[in-house]
Amino acid sequence: MPIDPRDVEICVGTGAGLETHGAVAPPIVQTAPFAFSSFRDLVAGLDAEHRTQVYSRGQNPTVEIAERRIAALERGEACKCFASGMAAISAVFSSLLAAGDHVVFANQIYGPTLQLAEHLERFGVTHDVVAGGDAPAVARALRPRTRLLWLESPGTMLFRVLDVAALAEMARGKGILTAMDNSWATPLFQKPLTLGVDLVVHSCSKYLGGHSDVVAGAVVSSAALVEQIFYRAFLLNGGVLGPFDAWLLIRGLQTLPVRMRQHREDALAVARFLAGHPAVARVHHPGLAPSSQAEAGLLQGTSGLFSFELARDGFDDVCRVIDALRVFRIGVSWGGTESLVLSPQREGNAEELERRGIPPGLIRLSIGLEGSGALIRDLEGALAGL
Ligand SMILES: *Cc1c(COP(=O)(O)O)cnc(C)c1O
């Protein structure tokens, strides 16, 4: 499906001169406080800090440009940017949850999000994980005190796609808020708020920033929920995005549509190559036939992060393949211009992986922009060494 032309305009910042006093590139407003012309004005600003530039731990004009664009891309009323994706996730939890509340996580969930949920048990917030994420299993996990349903779709490591609209509708019927981590698909390929989800979070360190040079996060929701998060968690937890990092994020957004088109095309080419390779047992990519979840209309497009299982699945085999790669770099994170590789496998963690529902021999690839030919040749060489 083609990318929505309206999204391209938002990313490129058509008409951006209007919000930046004529500057084509946004100014970096590197200030901590803002001065007022009268003390009464300062007092009024302090009373409405979520929409007034008083101090850069609250609002900052450069950060606001990034926030307006991300809100527009997600078709949300408001966005708040954070120092990292985890700061955004922490803010959602700490502002919406109280002792006694329960959270249900559906699908394979980003590891640190679950670690944070475990930490919250100390404060009386409990949770359950439904790793498969199918609606009947999620419904069974709901409790009277379930306050939040947390979705990740496609999920971490196995990239299974959820029926987001059905899950959000079920939660809404029970008065439960739904939040979704949309870092993988980006708003270009999936807009959870239009599917009935209440809050979207992003690690902007991935595709939105897009160049592996900034750590940032965002929450998008209704103006009322973002205001609640602003006062309860953002202003007080202090996980603020600096103006220069916001500027890097805006710069990344400008090329998001072209990058995502290329990531999609090259990742599909690499995934198809791997699916036909005898050393590969399985490829986990939501755009691959025969049961393409993307084609089923659950996603408007697929990004560049996916995984595959080696037929010989020992830790030594995983190390041999990863270490033989020359174009892929070995490292965490994803979404940049360089291709990256890692595996959840460790020496002797077979039981833990099984408990999490992750098969052995799994290798995760983030397809950068080197071109699918070079990446396929690299993988061909590494797999020949098995
Ligand atoms: C990286 C990541 C995060 C956390 O983002 P940071 O910016 O690293 O804090 C959250 N969710 C997903 C799916 C991620 O990949």
Side-chain angles (χ1 to χ4, degrees), residues 9-10 13-98 147-148 177 179 187 193 198-202 204 208 214-251 253:
E9 279 189 26
I10 297 165
T14 308
L18 298 175
E19 59 187 340
T20 56
H21 312 287
V24 168
I28 302 171
V29 183
Q30 192 72 37
T31 184
F34 297 83
F36 289 76
S37 53
S38 75
F39 181 57
R40 281 183 197 283
D41 284 352
L42 169 60
V43 171
L46 281 168
D47 286 344
E49 212 174 335
H50 66 288
R51 51 182 159 82
T52 317
Q53 288 150 12
V54 175
Y55 183 54
S56 283
R57 178 157 52 76
Q59 296 288 20
N60 172 280
T62 312
V63 179
E64 273 184 52
I65 294 171
E67 290 169 348
R68 273 202 296 276
R69 292 189 190 176
I70 295 169
L73 286 172
E74 287 288 7
R75 307 293 187 262
E77 284 175 4
C79 166
K80 190 68 214 135
C81 278
F82 289 81
S84 66
M86 282 314 297
I89 293 167
S90 300
V92 171
F93 288 174
S94 70
S95 59
L96 299 183
L97 302 173
R147 167 94 175 113
L148 183 65
L177 287 172
L193 299 178
D198 297 293
L199 303 111
V200 170
V201 301
H202 278 284
C204 307
L208 301 192
V214 63
V215 175
V219 178
V220 188
S221 186
S222 65
L225 275 176
V226 171
E227 187 179 329
Q228 185 176 323
I229 288 167
F230 179 90
Y231 285 109
R232 288 194 191 166
F234 176 74
L235 208 49
L236 301 181
N237 288 355
V240 48
L241 185 65
F244 181 65
D245 284 348
W247 184 87
L248 284 171
L249 172 54
I250 297 162
R251 186 183 158 115
L253 282 177

Asker: Looking at Phe34, I want to see if its CZ is surrounded by more than 12 non-hydrogen atoms of other residues, nucleotides or ligands under 6.0 Å.
Answerer: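 Yes, enclosed.
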
Asker: Can you give me the closest heavy-atom contact between Ile250 and Pro26, atom names plus distance?
Answerer: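 So the two residues come closest at CG2-CG, 3.9 Å.
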
Asker: Distance-only, no hydrogens or angles: does the Asp198 side chain make a donor-acceptor pair with backbone N or O of Ser221 under 3.5 Å?
Answerer: no

Asker: For a quick test of reading the model, state the closest non-hydrogen atom pair linking Pro243 to Val29 and the distance between them.
Answerer: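 For Pro243 and Val29, the tightest heavy-atom pair comes out as CG-O, 3.4 Å.
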
Asker: Going by the rule salt bridge (Lys or Arg N to Asp or Glu O under 4.0 Å), which residues pair with Arg51 if we only count those two or more places apart in sequence or in a different chain?
Answerer: none

Asker: Is the closest side-chain heavy-atom distance between Lys80 and Glu227 below 4.5 Å?
Answerer: no

Asker: Verify the neighbour count for atom CZ of Arg251: are there more than 12 heavy atoms of other residues, nucleotides or ligands below 6.0 Å?
Answerer: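 Open.
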
Asker: Checking the side chain of Ser84 only, and the main-chain atoms of Val215 only, is there a donor and an acceptor separated by less than 3.5 Å?
Answerer: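 A pair under 3.5 Å: no.
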
Asker: Is the backbone N or O of Glu77 less than 3.5 Å from a side-chain atom of Ser222, with the two atoms forming a donor-acceptor pair by type?
Answerer: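 Such a contact is absent between Ser222 side chain and Glu77 backbone.
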
Asker: Taking the side chain as everything from C-beta on, heavy atoms only, tell me whether Val54 gets closer than 4.5 Å to Phe36.
Answerer: yes

Asker: Considering all heavy atoms of both residues, which atom of Gly217 and which atom of Cys204 are nearest to each other, and what is their separation?
Answerer: C-SG, 3.7 Å

Asker: Please report the closest heavy-atom contact between Ala87 and Ala83, naming both atoms and the distance.
Answerer: CB-N, 4.2 Å

Asker: Quick one: closest heavy-atom pair of Leu96 and Arg147, and the distance?
Answerer: O-NE, 3.1 Å

Asker: Please find the pair of heavy atoms, one from Val63 and one from Leu241, that lie closest to each other, and give the distance.
Answerer: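 Shortest heavy-atom separation between Val63 and Leu241 comes out as CG2-O, 3.5 Å.
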
Asker: Is there a side-chain contact between Leu73 and Val220, using heavy atoms and a 4.5 Å cut-off?
Answerer: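 No, their side chains stay 4.5 Å or more apart.
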
Asker: What donor-acceptor contacts under 3.5 angstrom involve side-chain atoms of residues 230-240, with partners at least two apart or in another chain?
Answerer:
from: Tyr231; atom 1: OH; to: Glu49; atom 2: N; distance (Å): 3.0
from: Tyr231; atom 1: OH; to: His50; atom 2: N; distance (Å): 3.1
from: Tyr231; atom 1: OH; to: His50; atom 2: ND1; distance (Å): 2.7
from: Arg232; atom 1: NH1; to: Ser95; atom 2: O; distance (Å): 2.7
from: Asn237; atom 1: ND2; to: Ser94; atom 2: OG; distance (Å): 3.4

Asker: Checking side chain to side chain contact (heavy atoms under 4.5 Å, CB included) against Val219, which of Ile70, Ile89, Leu199 comes through?
Answerer: Leu199

